[in-house]
**Student:** 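Sharing a structure here in structure tokens format.
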Amino acid sequence: MVNARTWHPYRVYGELPAGGDLYAEAMELNTHERGLLHAVSQAPAPTAMSTFFPALNQAVPPEVHAPEDDPVRVAWADEQFALYGASVSLWQKNLVRVVHPANGERPDLVEATDEGRTALA
């Protein structure tokens with residue numbers, strides 16, 4: 001049985017960096033991380049990070065019936081994966097925290113941490 005207090009889905013993608021200064025690492029944000037962190041920090045209540053993906057995705061959405069190897073679809077999918085990676089990275093860097101874990105009906109709801117707000121300053 002999984003211990004609900006210690007288990008977290010983002011840990012599947014990796015652990016916090018070992019031996020490094022998290023504060024210094026957090027200051028190095030890529031475009032996706034910065035945009036996502038800004039959106040989360042401006043949210044009036046804890047929110048799912050994926051809520052902001054449509055607004056942050058720079059790629060043109062593909063046609064509904066476009067083939068899987070369509071360059072527009074591939075670019076859009078790459079951008080989506082980059083945004084999911086950014087959401088994991090923000091959590092790993094302790095720039096966002098999960099306020100309400102996913103419950104099967106909705107994803108994790110997060111808010112920016114003090115470190116996250118400092119990283120945006």
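Quick caveat: nothing in here was measured; it's all calculated off a predicted structure.
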**Student:** Show me the pairs that pass ring-ring contact (aromatic ring centres under 6.0 Å, His included) and involve residues 101-121, at least two apart or across chains.
**Tutor:**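 Of all non-adjacent pairs touching residues 101-121, none passes ring-ring contact (aromatic ring centres under 6.0 Å, His included).
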**Student:** Quick check against the 3.5 Å criterion: does Lys93 have a side-chain atom that pairs as donor or acceptor with the backbone of Glu115?
**Tutor:**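 No; judged by distance alone, with no hydrogens or angles, the pair does not exist.
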**Student:** Who are the side-chain contact (heavy atoms from CB on, under 4.5 Å) partners of Ala86, not counting sequence neighbours?
**Tutor:**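 Scan of Ala86 (side-chain contact (heavy atoms from CB on, under 4.5 Å), adjacent residues dropped) gives His32, Glu33, Leu36.
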**Student:** Cluster question for you: counting only ILVMFWY and a side-chain heavy-atom cut-off of under 4.5 Å, with indirect links fine, are Leu29 and Tyr84 together?
**Tutor:**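 In one cluster with Leu29: Tyr84, yes.
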**Student:** Please list, chain by chain and in numerical order, all residues satisfying ring-ring contact (aromatic ring centres under 6.0 Å, His included) with Phe52, sequence neighbours excluded.
**Tutor:**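 Residues passing ring-ring contact (aromatic ring centres under 6.0 Å, His included) with Phe52: none at all.
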**Student:** Atom CD of Gln92 and atom CG of Asn94: how far apart are they, to the nearest 0.5 Å?
**Tutor:**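 With rounding to 0.5 Å, CD (Gln92) is 11.0 Å from CG (Asn94).
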**Student:** If hydrophobic clusters are built by linking Ile, Leu, Val, Met, Phe, Trp and Tyr wherever their side-chain heavy atoms come under 4.5 Å apart, do Leu83 and Trp76 end up in the same one?
**Tutor:**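 Not linked; separate clusters.
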**Student:** Give, for atom OG of Ser50 and atom CG of Asp108, the distance between the pair rounded to the nearest 0.5 Å.
**Tutor:**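 With rounding to 0.5 Å, OG (Ser50) is 9.5 Å from CG (Asp108).
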**Student:** Return a table of donor-acceptor pairs under 3.5 angstrom between the side chains of residues 59-71 and protein atoms on other chains or two or more places apart.
**Tutor:**
residue	atom	partner	partner atom	Å
Asp70	OD2	Val72	N	3.4
Asp70	OD2	Arg73	N	3.3

**Student:** Pairs under 3.5 angstrom only: tabulate donor-acceptor contacts from the side chains of residues 38-47 to other protein residues two or more places apart or in another chain.
**Tutor:**
residue	atom	partner	partner atom	Å
Ser41	OG	Leu37	O	3.2
Ser41	OG	His38	O	2.9

**Student:** What pairs with Gln58 under side chain to side chain donor-acceptor pair (under 3.5 Å), at least two apart in sequence or on another chain?
**Tutor:**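 Gln58 satisfies side chain to side chain donor-acceptor pair (under 3.5 Å) with no residue once adjacent residues are dropped.
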**Student:** Side-chain donor-acceptor contacts of residues 96-103 below 3.5 Å, not counting sequence neighbours, with atom names and distances?
**Tutor:**
residue	atom	partner	partner atom	Å
Arg97	NE	Glu111	OE2	2.9
Arg97	NH2	Glu111	OE2	2.7
Asn103	OD1	Glu105	N	2.8
Asn103	OD1	Arg106	N	3.1

